[in-house]
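Sequence lines set the chain letters: A, B, ... in the order given, protein chains first and strands last, and positions in each chain run from 1. Here the structure is a predicted model, which means the values were calculated and not measured.
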Protein chains: 2
Amino acid sequence: MAKGKTPAVSTSLKEFLRTGHRHFLRSLSVDNVIFGFHENQLKVLLLHTTFGNQWGLPGGFVGIDEPLDKAAARVLRDRTGLNDLYLQQFHTFGQTERRDNKVLSKVLKDLNLNPGKDHWTLQRFVTVGYFALVEYAKVNPQPDDLSTTCTWHDLDNLPTLLMDHGDIINKALEELRIRLKYQPIGYNLLPREFPMKDLQSIYETVLGRKLDRANFNRKMVGYDILDKKKKLFTGGSHKAPYLYSFNKKKYFKALENGLGSDF
Amino acid sequence: MAKGKTPAVSTSLKEFLRTGHRHFLRSLSVDNVIFGFHENQLKVLLLHTTFGNQWGLPGGFVGIDEPLDKAAARVLRDRTGLNDLYLQQFHTFGQTERRDNKVLSKVLKDLNLNPGKDHWTLQRFVTVGYFALVEYAKVNPQPDDLSTTCTWHDLDNLPTLLMDHGDIINKALEELRIRLKYQPIGYNLLPREFPMKDLQSIYETVLGRKLDRANFNRKMVGYDILDKKKKLFTGGSHKAPYLYSFNKKKYFKALENGLGSDF
DNA sequence: ATTCTAATGAGTCAATATGACACAATAGTA
DNA sequence: TACTATTGTGTCATATTGACTCATTAGAAT
């Protein structure tokens, strides 16, 4: 979907479509499922395509001399304006139906480029899926050259999506669910300091069921990977909760001893 | 590494190297980490390359109209002679150093083909890693067109490997370890009926530590996914163990209730 | 200032799971 | 018939989990 900003590539969309096959790996792309958390809702960042009038995941191509992970990180940076985010490869999608005839052939026509079936963007693409966990408030969503808007969408109220992007999101969520069970990565969705209730909300949303407040607290504190801070003044008319922050040192020590495993 | 046997592709190696770029996706390959279990050892199936005098994973290219998963299954079938095996995609490797200059340029020279830097096989490749769990005794290892032998190797005594194939195996093992903790997939490495001790050995090998016999037994039986069969006559001078077999119906029912999860 | 409300931190307790170990049973061998 | 190695099963102390209680407290209402 995205126009890559790899060094030495023209910034013009037309030029990109004409000569991209010389600067990017053929038939390979990356797509990012960027998760955010806001108002007790898990959200995904989506782009609205200029030409096809459809929503799709932020994605891009892989530079001919660019590591795969860097390509995904580049797309993530370009769409969020942020660096060094939690980004995790989770699955590669290689069905033969994965090709975008509608949107891109319309683009090509509009730009007076050869819309023939053999254009490199109209070929079948294998895409490597990454999911990212980002702090909602910090993100400044940026559309790419093929889209008009870039906005958050509630995960349980998604619009119709391009190609298999719905499947990709589902798989990302599934993978997130699994990972959350043996790595406490949820904090990546929160500010540096957060009340325990917010972390619990994330777990409840991702796992899809309510958790007991007291037991959740006990368990998280039990992992010994959080620092307890001073109080928070919430503005709510009730007892103010503690704030916690994630402690990386403690985390890696805890990982060695095996966090949350059977056997 | 492998020559694909996709329909309508010439069976000659030379022809394949000359025209492969028209039948396969460019710069994309699949590699299989095929695990077997024999004499209490976890084994991996490796190929010895004819030209480079090195060992590598069984792999292949993806047909232009072939689903990714099918390509991996095809490679697995071609090397083992078996169908319908446990095969799981686990990671895609996309470092820029992933190109095979040594082996393939030698092959090209020997076949009097243009050994220029721009030959399609000498480009950088992104490879999708799959791991398979197979029943050791049933496998009939088959080398491919670029290798002389295909044999099992002890996982803890591997030879020097091609490119990043060592990393790929390590990652596969790591992924297998994680999966084993929340899905009882170990039985795929065993015959249809097996004594509990063999299953325990697999867990011990994969997890890398001894497990208590009685507790392991209790836990596995507790999952309620195994059928207890008649006795086995081992030939050993001791009490004969029961045989168990995996029950898929029970398994899927157990999965719904969440097998071995925190929270 | 005092009372009220909603949400928090901490604690209890029964049920269940885990880890370490014990012991009788038994297939083949001596 | 006794011996040996290994198996099926049981026990028990300890740790973890799930469901619940209760005193505490920040801000709003009075």
Side-chain angles (χ1 to χ4, degrees), chain A residues 39-40 180-184 190-191 193-205 207-245 254-255 257-263, chain B residues 39-40 180-184 190-191 193-205 207-245 254-255 257-263:
Chain A
E39 289 173 346
N40 272 7
L180 200 60
K181 282 188 182 178
Y182 71 95
Q183 285 182 10
L190 295 173
E193 301 193 336
F194 53 87
M196 193 63 90
K197 190 175 206 302
D198 287 6
L199 192 58
Q200 184 183 340
S201 284
I202 288 175
Y203 274 76
E204 289 181 337
T205 308
L207 300 180
R209 63 195 161 87
K210 290 285 166 198
L211 300 171
D212 181 271
R213 182 176 60 88
N215 295 337
F216 181 82
N217 219 292
R218 176 176 51 181
K219 182 146 200 159
M220 276 298 152
V221 171
Y223 283 155
D224 193 31
I225 53 170
L226 297 177
D227 288 334
K228 188 187 260 188
K229 303 275 167 163
K230 60 195 176 296
K231 296 259 183 176
L232 157 87
F233 73 109
T234 64
S237 58
H238 51 73
K239 187 174 178 180
Y242 285 106
L243 286 178
Y244 291 87
S245 71
L255 259 195
N257 305 336
L259 232 166
S261 68
D262 272 12
F263 295 100
Chain B
E39 289 174 345
N40 272 6
L180 199 60
K181 283 188 183 179
Y182 71 96
Q183 284 182 9
L190 295 172
E193 302 193 334
F194 52 86
M196 193 62 90
K197 189 176 208 301
D198 287 6
L199 192 59
Q200 185 182 339
S201 285
I202 288 174
Y203 275 76
E204 289 181 338
T205 308
L207 300 179
R209 64 196 161 87
K210 289 285 165 198
L211 299 171
D212 181 89
R213 183 176 58 89
N215 295 337
F216 181 82
N217 219 294
R218 175 177 50 183
K219 182 145 201 163
M220 276 298 151
V221 171
Y223 284 154
D224 192 31
I225 54 170
L226 298 177
D227 288 334
K228 188 187 256 186
K229 304 275 167 161
K230 60 193 177 294
K231 296 263 184 173
L232 157 86
F233 72 109
T234 64
S237 55
H238 52 74
K239 187 173 178 180
Y242 284 105
L243 285 178
Y244 290 87
S245 71
L255 259 195
N257 304 337
L259 231 165
S261 68
D262 273 11
F263 295 101

B/Lys197: side-chain contact (heavy atoms from CB on, under 4.5 Å) partners, not counting sequence neighbours
none
What does the list of N/O pairs under 3.5 Å between the protein and nucleotides 23-26 of chain D look like, with a distance for each?
residue	atom	partner	partner atom	Å
D/dT25	O2	A/Lys239	N	3.0
D/dA26	O4'	A/His238	O	2.7
D/dA26	N3	A/His238	N	3.0

Would you kindly give the OH-to-C1' distance between A/Tyr223 and D/dT16, to the nearest whole Å?
11 Å
Looking at C/dT8, I'd like to know if its phosphate oxygens (OP1 or OP2) sit under 4.0 Å from a side-chain N or O belonging to A/Lys197.
no
Round to the nearest Å and state the distance from A/Leu211 atom CG to C/dT8 atom P.
14 Å
Got a sec, which residues hit side chain to side chain donor-acceptor pair (under 3.5 Å) with B/Ser201, two or more places apart in sequence or on another chain?
B/Asn40
Mind calculating the distance between CZ (B/Arg218) and P (D/dC12) to the nearest angstrom?
14 Å
Here the distance between atom P of C/dT18 and atom CZ of B/Arg209, to the nearest Å, is 12 Å
So, do A/Lys229 and A/Ser245 sit near enough that their side-chain heavy atoms are less than 4.5 Å apart?
yes
Rounded to the nearest Å, what distance is computed from the CE atom of residue A/Met220 to the C1' atom of nucleotide D/dT16?
15 Å
Can you see whether A/Tyr242 has A/Lys231 sitting over its ring - NZ or CZ less than 6.0 Å from the centre and within 45° of the normal?
yes
List the residues meeting side-chain contact (heavy atoms from CB on, under 4.5 Å) with B/Ser237, not counting sequence neighbours, and say none if there are none.
none
Tabulated below should be each protein N or O lying under 3.5 Å from an N or O of nucleotides 20-22 of chain D; please produce it.
none

Measure the distance from CG on B/Asn217 to C1' on D/dT9 and round it to the nearest whole Å.
9 Å
Can you list the residues that meet the salt bridge (charged side-chain N to carboxylate O under 4.0 Å, His left out) rule with B/Lys210, with sequence neighbours excluded?
B/Glu204
Residue list, side chain to side chain donor-acceptor pair (under 3.5 Å) with B/Arg218, at least two apart or on another chain:
B/Asn215
Can you check whether B/Lys228 has a side-chain N or O nearer than 4.0 Å to OP1 or OP2 of D/dT7?
no
From CA spacing to verdict: ring pair (Phe, Tyr, Trp, His ring centres under 6.0 Å), A/Tyr203, A/Phe216
CA-CA 9 Å; A/Tyr203 274 76; A/Phe216 181 82; 5.2 Å; yes
Separation of C/dA7 C1' from A/Phe216 CZ (nearest whole Å)
16 Å
Which residues pass the side-chain contact (heavy atoms from CB on, under 4.5 Å) test with B/Asp224, sequence neighbours left out?
B/Lys250
Value in whole Å for how far the C1' atom of D/dT6 lies from CD of B/Gln200:
12 Å
